[in-house]
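These numbers come from the heavy atoms of this one structure, side chains and all, not from hydrogens, waters or symmetry mates. These numbers come from a predicted model, not from an experiment. Every chain is numbered from 1 and lettered A, B, ... according to where its sequence line falls, protein lines coming before strand lines.
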2 protein chains.
Amino acid sequence: MCDFHEMKSAARFSSHARLDESLLSELPAFSKLENQVIGEILEQAISRRYDAGACVFEEGDRADHFYLLLDGYIRVVRITPDGEQVIALHIPSGQLFGIAKALGRDTYPATAITAKESLALSWPMRLWDDFAARYDGFATETYKTVGQRMGEMNNRIVEMATQQVEQRIACALLRLINQSGRKVSDGIEINFPITRQDLSEMTGTTLHTVSRMLSAWEKVGVVKSGRKKITVCDPHQLVVLSTAKP
Amino acid sequence: MCDFHEMKSAARFSSHARLDESLLSELPAFSKLENQVIGEILEQAISRRYDAGACVFEEGDRADHFYLLLDGYIRVVRITPDGEQVIALHIPSGQLFGIAKALGRDTYPATAITAKESLALSWPMRLWDDFAARYDGFATETYKTVGQRMGEMNNRIVEMATQQVEQRIACALLRLINQSGRKVSDGIEINFPITRQDLSEMTGTTLHTVSRMLSAWEKVGVVKSGRKKITVCDPHQLVVLSTAKP
DNA sequence: CGTTTTCATTGCGCCATGACAAAGAACGCG
DNA sequence: CGCGTTCTTTGTCATGGCGCAATGAAAACG
């Protein structure tokens, strides 16, 4: 297990002393619920802050909690027998994760690591069935999320099977800016620190190749990149690159 | 839409004139139900036979039915903009498929094609919620299946990201014989016709490379292969190949 | 039974990428 | 502020496996 830290203060994330119903009421999983009911759910939640790079749970751990990411970014990672990492998925704030029970598993199928400082709620997994039964729309909305993630994974399989490295990296970048892009003066910036290594683990290549690719793109003005930071200046051109044939 | 044919006779699949409760009662999705309830479910089902290579539904079609594969084998396929096929998944008999509704979708996310002559039941999708609500264990068991498929997809992503072609093909073969292997005199044979092309679409490579690989393996006695047919003689050795480092 | 179609095998050349190596740049820490 | 660490860039080289092309073999067809 990794170490994490009790939340000292939620000040960075909420101006209220205690967690507020409005936090949840906009999220799909809870959108159909009354404020009062949400309050009830919140009372059972554990809230925690995680440092950047902290591990929330590891692949194979007994799945005894499920989580809701309030703020930050989660990286779902798998590690091969010979120590290579593969990033399977990124989870943006507002989504549930670690929902092994929903998939009929009793251990987590992958490791969850924060990509930056994050805040998450969690509930004991035994409440899952409760939630699903009692709260209207919870199950449905959850499975919608599962469906989306399956779709994403599916796309990645197709990508990896048919596309060249350049296109794969372009796709990965596009996904990232869609999911967590932040508009800045000279384009759209990825909202959390990301290294070439990370990008290579998302696309099944090496950090060297990613570095070369970014350099090349920077030369033609499609992106600007710095240490742990990437800004996409010309998203449209990136779309072209992501679908270009050899 | 592809063409399919009304089932003329279920004789090949069942000795009873009409569908029998025992057909379903062993399947996970229905395992917890009384025979009488199963009868009720069966009465609402449509039963159909499909020729080998027939298309059950296509990616993007309105998802108006969900299916249960009674006999045969289904290949879940996606097609890229430039016409390349990628085989995302194989579904063995006894499993549900086309369960878009369970994933919050209203169109099918991929195309389903029979790998050999097959028999499937189907129900109108509007019964889904009914089934989930009324039949104990149906939803749970279904999501277990979804979870398994996600796990498989996840593994494939890791494979494609980290392994070489030889290892990927070995993995694919192992999956196939696990899922639908048939013991024969000189090893384990894949239970439905499969071409090098198919195998290449499962592993993201070309039929040429697959052919070469099989030839090489045949030379050392790991497999025997013929037209549309592959027999694994030495599964253990194949496991070694599937994990060997360069 | 001959013809056509589908599927499989194999050789050859090339190129995208991985492997290795070394140096530079930004950051964090005492 | 200097030092170690982490991250990035760039060069050179080797090669896996893809593209292309031609042949062969088995099934399907009529």
Can you run down the salt bridge (charged side-chain N to carboxylate O under 4.0 Å, His left out) pairs that involve residues 210-227 of chain B, sequence neighbours left out, and say none if there aren't any?
B/Asp186-B/Lys224
Quick one: list whatever passes salt bridge (Lys or Arg N to Asp or Glu O under 4.0 Å) with B/Arg75, sequence neighbours left out.
B/Asp198
Report yes if the distance between the aromatic ring centroids of A/Phe97 and A/Phe66 is under 6.0 Å, otherwise no.
no
Sequence neighbours excluded, the answer for side-chain contact (heavy atoms from CB on, under 4.5 Å) partners of B/Val220 is B/Val222
Test ring pair (Phe, Tyr, Trp, His ring centres under 6.0 Å) applied to B/Phe192 - qualifying residues, sequence neighbours left out
B/Tyr73, B/His90
Residue set satisfying salt bridge (Lys or Arg N to Asp or Glu O under 4.0 Å) with A/Lys116, at least two apart, ordered chain then number -> none
Going by the rule side-chain contact (heavy atoms from CB on, under 4.5 Å), which residues pair with A/Glu166 if we only count those two or more places apart in sequence or in a different chain?
A/Met213, A/Trp217, A/Leu241
Double-helix bend of the helix from C/dC1-D/dG30 to C/dG30-D/dC1, axes at both ends from 5 pairs, round to 10°, gives 50°
Span of DNA chain D engaged by chain A, first through last nucleotide within the 4.0 Å heavy-atom cut-off, is D/dT6 to D/dT12
Can you build the contact string for nucleotides 6-16 of chain C? Use B for base contact, S for sugar-phosphate-only contact, and - for no protein heavy atom under 4.0 Å.
BSSBBBB---S
Residues at least two apart in sequence or cross-chain that pass salt bridge (Lys or Arg N to Asp or Glu O under 4.0 Å) with B/Glu189, listed by chain then number, are B/Arg182, B/Lys229
Residues that A/Gln85 engages under side-chain contact (heavy atoms from CB on, under 4.5 Å), provided they are two or more places apart:
A/Val77, A/Ile79, A/Glu201
Just jot down the side-chain contact (heavy atoms from CB on, under 4.5 Å) partners of A/Ile188, sequence neighbours excluded, or say none.
A/Ile177, A/Pro235
